[in-house]
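Letters go in sequence order (proteins before strands), and every chain restarts at 1. Side-chain atoms are counted along with the backbone in the values below, which use heavy atoms only and exclude waters and symmetry mates.
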2 protein chains.
Amino acid sequence: MKKPHSLDEAGLQRALAALRRVVREKGLRASSARERVALAALRYGGHFTVEDLVRRSKDERLEETHASTVYRTLPLLLEAGLLEEIRVHRDEGTFYERAFEREHHDHLVCVGCGAVVEFHSEEIEEVQREVAVSFGFVLTGHSHELRGTCTACRERGRESRA
Amino acid sequence: MKKPHSLDEAGLQRALAALRRVVREKGLRASSARERVALAALRYGGHFTVEDLVRRSKDERLEETHASTVYRTLPLLLEAGLLEEIRVHRDEGTFYERAFEREHHDHLVCVGCGAVVEFHSEEIEEVQREVAVSFGFVLTGHSHELRGTCTACRERGRESRA
DNA sequence: TTGATGATGAATGTCATTTTCAATAAGGAG
DNA sequence: CTCCTTATTGAAAATGACATTCATCATCAA
């Protein structure tokens, strides 16, 4: 249940530096729109969608950033390790969450109520590495999502059946 | 590299029976279009898309089945355990593969060339169950995909850098 | 056999994401 | 600092996966 405390100012700066590094490596140019998107994204505590990002840039009266720009920026944020794409929340589309300076974790989702629990298993991480090595692969990432029903949803089901 | 040998005639019949059971349970009616889609899907050895399925029903001169019907049928095939949805193959959309009478496995994908390796780890499955229990969940499914670079792609990269 | 209702094909709609294009801005060369 | 090349952006249109609509058609229980 541990809440991911947000980055402090210094953390934000390190994140921007990581973004700039990727931008430079790719021969792209610096731009304020990209950093605006990055900052808006990094400030989120939980899971958010592209639409959330676009909306937030308006709500906070920051300069507006268009959806197409957000979409164009996202791959860079992923590559810079600021965000990670996740697939929880049933059919509600693609979500993102901060990954920068945050310990890795996977998700356990309740198919009944949509509750999301984060978990981490060093044992699973280790086996993943072993599997990759056994096939001659070097891992660059993974996605791992468990689906199930939580206690509350199972009890709800029992009632309605009674 | 073990190829998933396709179902024999008896297997196909058992699969259709499983589909019919789900259809009946939901108070739906039998239909030949649904079984045509099911058979076309079960005959695939590897991964395929909805579009593949639609196309194949034409190629093989089976009666045509429209895309909308295929889309309507897919959830039933998933629920009946005939197919499983997978998310490999970079951004190429949603893929499916046969799950009926086939051992469970996860995927290891090369981000360079798109090669897909199937793997299974009973140890990971066990930890998954433990994690679920520790949060009061009962598992209904999971998706697990590892991404990395294969030996060939790493060597290719080394050459081009030399 | 037949009536009630589910299923299908075909067309159309929806919604997220991508692409296009003209205008703008970054940043290296001079 | 100014110019020139080229990336970036906003705005709009295009794409593409999937859902929905609706007029037939098919299924099946009575």
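Considering only the side chain of B/Ser68, C/dG9 comes nearest among C/dG9, D/dC18, C/dT19. Minimum atom distance to the side chain of A/Ala30 is reached by C/dG27, of the listed D/dT9, C/dG27, D/dC28.
A side-chain N or O of A/Glu122 and one of A/His120 form a donor-acceptor pair less than 3.5 Å apart. Side chains of A/Arg34 and A/Thr73: no donor on one and acceptor on the other come within 3.5 Å.
One can place CZ of A/Arg24 at 10 Å from P of C/dG27, the figure rounded to the nearest angstrom. The distance between atom CZ of A/Arg34 and atom C1' of C/dA26, rounded to the nearest whole Å, is 11 Å. Between A/Glu85 atom CD and C/dA16 atom P there is a gap of 15 Å when expressed in whole angstrom units. As a whole-Å value, the separation of B/Lys26 NZ from C/dA7 P is 11 Å. Here C/dT17 presents its P atom at 9 Å from CD of A/Glu51, a figure rounded to the nearest Å. One interatomic measurement links the two molecules: CG of A/Leu78 to P of C/dT17, which rounds to 12 Å at whole-angstrom precision. Rounding to whole angstrom units, CD of residue B/Glu35 and P of D/dA26 are separated by 16 Å. Protein atom CG of A/Asp52 is 11 Å distant from nucleotide atom P of C/dT17, rounded to whole Å.
Looking at heavy atoms from C-beta onward, B/Leu74 lies in side-chain contact with B/Val50 at the 4.5 angstrom threshold.
Atoms CZ and NE2, on A/Phe119 and A/His144 in that order, are 5.0 Å from each other to the nearest 0.5 Å.
For A/Ser31 and C/dA26, the shortest distance from a side-chain N or O to OP1 or OP2 is not below 4.0 Å. Residue B/Thr94 places at least one side-chain N or O closer than 4.0 Å to OP1 or OP2 of D/dC18. In this structure, A/Thr69 reaches the D/dG10 phosphate: one of its side-chain N or O atoms is under 4.0 Å from OP1 or OP2. The phosphate of D/dA19 (OP1 or OP2) has no side-chain N or O of B/Tyr71 nearer than 4.0 angstrom.
With hydrogens and angles left out, the side chain of A/Arg72 and the base of C/dT20 share a donor-acceptor pair within 3.5 Å. Taking 3.5 Å as the limit, the base of D/dT6 and the side chain of A/Arg29 contain a donor-acceptor pair of atoms between them.
Remark: B/Arg56 is positioned above the aromatic ring of B/Tyr44, its terminal NZ or CZ atom under 6.0 angstrom from the ring centre and at most 45 degrees off the axis.
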